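All values derive from a computational prediction rather than experimental measurement. In what follows, chains carry the letters A, B, and so on, assigned in the order in which the sequence lines appear, proteins first and then strands, with residues in each chain numbered from 1.
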Protein chains: 2
Amino acid sequence: MAKRTAAGAEPVPLSRERVLRAAVGLADAAGLESLTMRRLAELFGVEAMSLYHHVANKEALLDGVVEVVMGEVRDTVAALDGPPAEEDWRAALRGKVLAARQVMLRHPWAPQVFASRRSADPAVIRYLDEVAGIMRRGGCSYDLVHRALHTLGSRALGFAQELFEPDGGPAPADADQLGPMAAELPYLAGMLSEIAHEDPGSTLGWCDGQAEFEFGLDLILDGLERLRTA
Amino acid sequence: MAKRTAAGAEPVPLSRERVLRAAVGLADAAGLESLTMRRLAELFGVEAMSLYHHVANKEALLDGVVEVVMGEVRDTVAALDGPPAEEDWRAALRGKVLAARQVMLRHPWAPQVFASRRSADPAVIRYLDEVAGIMRRGGCSYDLVHRALHTLGSRALGFAQELFEPDGGPAPADADQLGPMAAELPYLAGMLSEIAHEDPGSTLGWCDGQAEFEFGLDLILDGLERLRTA
DNA sequence: ACCTGAACACCGTTCAAGT
DNA sequence: ACCTGAACACCGTTCAAGT
């Protein structure tokens, strides 16, 4: 009789591939703080130590998780049918970045993991080579491509670092909570009383809503295009 | 006779202020992963539990650390003498952001801590009110100010999220390591063979070097100014 | 080759007890 | 009010042992 396993566990043998996929699923379902070696092992009805036969340690596990997410990005990007880079590099790159963002939205914890890797994952580097290729074929100098990669930073992969979550911050948009704020924060109070936030729900961890993300992305792409033709 | 304390420890009584300053110093000296309640207590020659009289828990400690760093930002920004916002909002904001960046460069671990706070620290919100004020007094609509805050994101405080550390990534700039790369990464290889990285040392964790940071910041500020006058 | 069980060196945090 | 000591519930990871 098969050994007792956690609910939903499969008695299939472990493998690096299966371990990494389960790690992504665990983070999706229970959050990044739940992704521990012990809890991951539980999903397979196995001791934590068994995982070390397929993954060197937790850092390597997280590297593998990045690999899996980048695989999803590649699959999503491959399904795109935008204009060729030679014709309109901005539109081509924009489509690619927004497609990558869709993947990040499915894994809200991913930006944090990407940011925690000290050296670049090979899959990320390959992705950036494609980004560079789009710009290069679009007529950008390598110098501009280089600066563009730095300027875009994590935006190239579809996420951007906000200073706080849009909902948790100073965005009550409520006149009641605005009163005490107006005294010490006159400009934010004035701004909030004039602006209506119309993008509820579409938050990506510490990242922009869709409209804000697109605004910032377009502003950067337009600025780069202006430099290209200057 | 005073109790045995760790090297350099002072027998002065604890206080929230002293605990927070010691936490910043510990992260500066030994890295963020060394900032644990136990090791922090050691600095005072005290048990970890004693810290809980001055700080609710570790999350509150990190909130306080953000507070301390923001205090340094405010001090640094206060010493600036740029043009008034009404005259040249771009120059005023640029100076403020670059001053904030100087503080972040002193605390390379700070961006990570800032990013880990789920809701905005009051000191950060006050800072952003000042940023909004500069733009507003410079003639920007509140709508533009709002989009600017989202677009700048963490850049407003002087740091930006790169996909990997500049040195650890695909920047060998060495013809030897470029050979095998050229096959799979044609565009990055081409770029690196043409571009000479000239900003060694000035890395900020997962952030740009100074020149790259200024390039990205200026590109965004110029784009915003163009929208303002449109 | 793969998995286990016990153990180690750490965490943050609680509780009751001391002064 | 402030600090302690022991303990609890977790971590990642090692090692020697099993099959």
Side-chain angles (χ1 to χ4, degrees), chain A residues 1-6 8-27 29-66 109 112-113 116-118, chain B residues 1-6 8-27 29-66 109 112-113 116-118:
Chain A
M1 185 171 173
K3 184 175 303 190
R4 252 307 133 76
T5 60
E10 310 141 36
V12 293
L14 296 183
S15 75
R16 180 177 139 86
E17 179 74 13
R18 256 187 288 269
V19 167
L20 298 183
R21 295 210 168 278
V24 170
L26 181 54
L32 192 58
E33 75 282 358
S34 296
L35 178 52
T36 70
M37 300 299 273
R38 285 170 145 96
R39 290 215 222 179
L40 184 55
E42 247 178 63
L43 293 183
F44 293 99
V46 125
E47 295 295 317
M49 299 306 92
S50 304
L51 300 177
Y52 286 80
H53 286 276
H54 305 97
V55 137
N57 49 35
K58 181 150 190 196
E59 288 299 294
L61 176 76
L62 293 177
D63 287 341
V65 160
V66 167
W109 46 266
Q112 204 172 325
V113 174
S116 74
R117 305 297 81 202
R118 51 183 62 252
Chain B
M1 184 173 173
K3 183 175 306 192
R4 249 313 128 78
T5 60
E10 310 139 37
V12 293
L14 297 183
S15 74
R16 180 178 138 85
E17 179 74 13
R18 254 186 290 268
V19 167
L20 298 183
R21 295 211 167 277
V24 169
L26 181 54
L32 192 58
E33 75 282 358
S34 297
L35 178 52
T36 68
M37 300 298 274
R38 285 171 147 96
R39 291 214 221 179
L40 185 55
E42 248 177 63
L43 293 183
F44 294 98
V46 125
E47 296 293 318
M49 301 304 92
S50 304
L51 300 176
Y52 287 80
H53 285 277
H54 305 97
V55 136
N57 49 35
K58 180 148 189 197
E59 287 299 295
L61 175 76
L62 293 176
D63 287 342
V65 160
V66 166
W109 45 267
Q112 204 172 324
V113 175
S116 74
R117 307 295 81 202
R118 50 185 61 254

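Pairs of Watson-Crick or G-U wobble type, with distances under 3.5 Å, assemble into runs of 3 or more in DNA chain C at these ranges: C:4-8 with D:12-16, C:12-16 with D:4-8.
Atom pair A:Met49:CE and D:dG18:P shows a separation of 19 Å (rounding to whole Å applied). Atom CG in A:Asn57 sits about 17 Å away from atom P in D:dC11, given to the nearest Å. Computed from coordinates, the B:Tyr52 OH to C:dT14 P distance equals 7 Å when rounded to whole Å.
Not counting sequence neighbours, the partners of A:Arg21 by the side chain to side chain donor-acceptor pair (under 3.5 Å) test are A:Glu17.
Here the nucleotide nearest the side chain of A:Val46, chosen from C:dG5, C:dC3, D:dT4, is C:dC3. Looking at the side chain of B:Lys58, the nearest of the listed nucleotides C:dG12, D:dT4, D:dG12 is C:dG12. In the set C:dC3, D:dT14, D:dC3, the nucleotide with an atom closest to the side chain of B:Leu14 is D:dC3. Of all nucleotides listed (D:dC3, C:dC15, D:dG12), D:dC3 comes nearest to the side chain of B:Ser50.
B:Arg38 and B:Glu47 are not joined by a salt bridge, as no carboxylate oxygen comes within less than 4.0 angstrom of a charged side-chain nitrogen.
Applying the 3.5 Å distance criterion, the base of D:dC2 shares no donor-acceptor pair with the side chain of B:His53.
A heavy atom closer than 4.0 Å to some atom of DNA chain C occurs in A:Arg38, these being the qualifying members of residues 32-41 of chain A.
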